[in-house]
Amino acid sequence: MNILIKNANVLLADGKVKIADIAIKDSEILAVENIPETFKAEKVIDGTDKLATAGFVNAHTHVSMTLLRSYADDMKLMDWLENKIWPIEAKMKKEDIYWGAMLGIAEMIKSGTTTFADMYGDMDQVAQACIDTDIRAVLSRGIIGVAPNGNQALEENKILFRDFNNANDGKITVMFGPHAPYTCPPDFLQKVVKASEEYNGEIHIHLAETKGEVENCLKEYGKTPIALMEEVGILDRGVLAAHCVHLTDEDIQIMKKYNVRVAHNPGSNMKLASGVAPVQQLLKAGVCVGLGTDGASSNNNLDMLEEINLATLLHKVNTLDPLAVPALEGVKMGTEYGAKAVGLNNVGLIKEGYKADIVLFDMSAPQCYPRHDLVSLLAYSMNGSMVDTVLVDGKVLLENRAFTTIDEEKIKYEANRCAMNLTLR
């Protein structure tokens, strides 16, 4: 379908905002501002008093963990994982994974996310949820190498790749998902490297999330998690690295050398008291840093605009530098940089030839006045509930704050039913 968005305040690729029209042909942006006279729109969207941005990219989450939202809070990471999260995840069935994913996707679309990178189990169910909702996704089967089913999980990741890579008109990409160095020892990680070479797939992994993880890695292997990943060959495969909180200067140089892309999760890192990632140093070194929410049981929402806000504020106070992460840089981390982080080169900008993944924010609320700087308003004043319209691949998924393709009430009912049953098993 040809769609014309008229008279919107458009956040352009150069970071400036200008009132302009956007022409969409099928799945791509045909033109911004200078619309060809020959273009005929089948649908016109009024962008008056709306801010048009590229859709947010949630570079790291575990979407089906929406079922565990508010289930286990105010705990240390390993206590939280070992005594609460992993035991209940072991009880999850395919139905739980599907409805948890549907709930998370609905939440993400409604708050402006058009692409997400996910790592979990039973990922065929998450892939089906992505197909049913038409969101863009980068999926990996979470693999715990020390678990009895570690090899089976790796095989499931291969099956996921065969069945769903480039599925749904190319909106699904598959990566390999070894959980972390402390759950996947070097010999197992080498199996993952071999599989990624065989399928030409990249890798999504948690790295250097806590001080304890780094200290244990140094004690056991004499290397930091980043240096260990270099040794076993993981970094040669193209890596999306979640967290990267505790890094040395040498780690950052290694990451730059191998073009490791970071998914920074400020909300989750703050809630779990994991620490503050050295984002300013990473950006200065030329390392790509996107943003993620992590799972909804450690955040506890999937609102990417909140992550942009947290990223811009957290690094100011942590470095005592009000210029550490300016508003525009934070927005780029949630859009353009996030797209690069998850390995996509044609999303994350409103630009001719890019995929038509676009969000329109309603700017009628009081906090959108006065309008000195719309990018500043987006990063510091606005919130995800102000999303009015969402397009993915040129298809309208949300219009006037209402879903066009999914039944929100049914999703909420089924997800809540699964969550309550899960805690009784």
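The analysis underlying the following values was restricted to heavy atoms, covering all of them including side chains, and did not include hydrogens, waters or symmetry mates.
- Closest of all the heavy-atom pairs between Thr114 and Leu391 is CG2-O, 3.7 Å.
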Leu81 and Leu77: side chain to side chain contact (heavy atoms under 4.5 Å, CB included), yes or no, with the steps?
CA-CA 6 Å; Leu81 281 173; Leu77 175 62; 3.9 Å; yes
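- Between Phe176 and Phe161, the ring planes lie parallel to each other; the angle is under 30°, not in the 30° to 60° tilted range.
- Lys412 has a carboxylate O that lies under 4.0 Å from a charged side-chain N of Glu409, or vice versa, which qualifies the two as a salt bridge.
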One pair to check against ring-ring contact (aromatic ring centres under 6.0 Å, His included): His62 and His206. What are the steps and the verdict?
CA-CA 12 Å; His62 311 284; His206 301 79; 5.3 Å; yes
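- Exactly one of Thr335, Val359, Thr293 qualifies for a side-chain contact (heavy atoms from CB on, under 4.5 Å) with Met304. That residue is Thr293.
- For His60 and His243, the ring centers sit closer than 6.0 Å to each other.
- Side chain to side chain, Asp251 and Thr224 meet the donor-acceptor criterion of an N or O pair below 3.5 Å.
- Figure legend: Lys25 and Phe39 shown without cation-pi pairing, the cationic atom not lying both under 6.0 angstrom from the six-membered ring centre and within 45 degrees of its axis.
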Run Lys194 and Glu197 through salt bridge (charged side-chain N to carboxylate O under 4.0 Å, His left out) and show every step you take.
CA-CA 5 Å; Lys194 184 176 180 181; Glu197 290 172 342; over 6 Å; no
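- Crowding of Lys211 atom NZ: a count of heavy atoms from other residues, nucleotides or ligands under 6.0 Å not exceeding 12.
- Interatomic distance, CD of Gln281 versus CG of Leu283, reported as 9.5 Å (0.5 Å rounding).
- Using modelled atom types, one finds no donor on one side chain facing an acceptor on the other under 3.5 Å when comparing Asn265 with Asn269.
- At least one donor-acceptor pair closer than 3.5 Å links the side chain of Thr66 to the backbone N or O of Gly100.
- A side-chain donor from one of Asn299 and Glu307 sits under 3.5 Å from a side-chain acceptor of the other.
- Counting only N and O atoms by type, the side chains of Tyr221 and Glu231 include no donor and acceptor under 3.5 Å apart.
- The closest side-chain heavy-atom distance from Ile172 to Leu139 is below 4.5 Å.
- For the pair Asp294 and Lys271, the salt-bridge criterion is not met [side-chain N within less than 4.0 Å of a carboxylate O].
- Between Ser196 and Met175 there is no side-chain heavy-atom pair separated by less than 4.5 Å.
- Put simply, the side chain of Asp132 does not reach to within 4.5 Å of the side chain of Ile406, judged on heavy atoms.
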Glu408 and Arg401: salt bridge (charged side-chain N to carboxylate O under 4.0 Å, His left out), yes or no, with the steps?
CA-CA 11 Å; Glu408 182 180 359; Arg401 293 189 172 92; over 6 Å; no
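- No side-chain heavy atom of Tyr120 sits less than 4.5 Å from a side-chain heavy atom of Thr61.
- Here NZ of Lys93 is found 8.5 Å from CG of Asn421. Values are rounded to the nearest 0.5 Å.
- With a 6.0 Å radius and a threshold of 12 heavy atoms from other residues, nucleotides or ligands, Asn200 has its CG atom at or below the threshold.
- A salt bridge between Asp124 and Lys94 is present, with a side-chain N of the basic residue lying under 4.0 Å from a carboxylate O of the acidic one.
- Scanning both residues, Leu305 and Leu378, for their nearest heavy atoms gives CD1-O, 3.3 Å.
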Derivation of the salt bridge (charged side-chain N to carboxylate O under 4.0 Å, His left out) call for Lys91 and Asp96:
CA-CA 9 Å; Lys91 301 176 183 178; Asp96 302 319; over 6 Å; no
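- If you take CD1 on Ile358 and CD1 on Ile5, they are separated by 4.5 Å, rounding to the nearest 0.5 Å.
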Between Leu228 and Cys217, is a side chain to side chain contact (heavy atoms under 4.5 Å, CB included) present by the stated rule, with each step listed?
CA-CA 8 Å; Leu228 182 63; Cys217 193; 3.8 Å; yes
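- Here CD1 of Ile45 is found 5.5 Å from CD of Glu399. Values are rounded to the nearest 0.5 Å.
- Contact annotation: the side chain of Leu68 approaches that of Leu422 to within less than 4.5 Å [non-hydrogen atoms, C-beta and beyond].
- Salt bridge Lys355/Asp393: present, at least one basic N to carboxylate O contact under 4.0 Å.
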With side chain to side chain contact (heavy atoms under 4.5 Å, CB included) as the test, would you mind laying out the steps for Ser64 and Glu89 before giving the verdict?
CA-CA 10 Å; Ser64 296; Glu89 283 181 335; over 6 Å; no
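- Other residues, nucleotides and ligands place no more than 12 heavy atoms under 6.0 Å from the NZ atom of Lys351.
- In this structure, the side chains of Lys340 and Leu344 stay at 4.5 Å or more apart for every pair of heavy atoms.
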Audit row: Asp357, Arg136, salt bridge (charged side-chain N to carboxylate O under 4.0 Å, His left out) steps and yes/no
CA-CA 9 Å; Asp357 294 4; Arg136 196 179 304 280; 2.8 Å; yes
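- Defined by atom type and a distance below 3.5 Å, a donor-acceptor pair is missing between the side-chain atoms of Asn166 and Lys171.
- A salt bridge links Glu202 with Arg261: the closest approach of a Lys/Arg side-chain nitrogen to an acidic carboxylate oxygen falls below 4.0 angstrom.
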Starting from the C-alpha separation in whole Å, work towards a yes-or-no answer on side chain to side chain contact (heavy atoms under 4.5 Å, CB included) for Trp80 and Ser298.
CA-CA 9 Å; Trp80 176 76; Ser298 65; 3.7 Å; yes
Please step through side-chain hydrogen bond (donor to acceptor under 3.5 Å, both in side chains) for the pair Tyr199 and Arg162, ending with a clear verdict.
CA-CA 8 Å; Tyr199 287 85; Arg162 293 197 296 267; 2.5 Å; yes
What's the verdict on ring-ring contact (aromatic ring centres under 6.0 Å, His included) for His179 and His204, showing C-alpha distance, side-chain angles and the deciding distance?
CA-CA 8 Å; His179 174 259; His204 184 178; over 10 Å; no
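- Between Glu230 and Lys223 there is no salt bridge, since no side-chain N of the basic residue sits under 4.0 Å from a carboxylate O of the acidic one.
- A donor and an acceptor atom, one from each side chain of Asn300 and Asp73, are located under 3.5 Å apart.
- Atom CE of residue Met123 and atom CD1 of residue Ile159 lie 14.0 Å apart, to the nearest 0.5 angstrom.
- Between Lys50 and Phe361, the closest side-chain pair of non-hydrogen atoms is not below 4.5 Å.
- Atom CE of Met382 and atom CG of Asn309 lie 12.0 Å apart (nearest 0.5 Å).
- The shortest side-chain heavy-atom distance between Trp99 and Leu103 does not fall under the 4.5 Å cut-off.
- The pair Glu155-Lys191 does not count as a salt bridge, with every side-chain nitrogen at least 4.0 angstrom from each carboxylate oxygen.
- For Arg69 and Glu107, the salt-bridge test passes: some basic side-chain N is under 4.0 Å from an acidic carboxylate O.
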Chi angles and distances behind the side-chain hydrogen bond (donor to acceptor under 3.5 Å, both in side chains) call for Thr210, Ser274
CA-CA 5 Å; Thr210 66; Ser274 299; over 6 Å; no
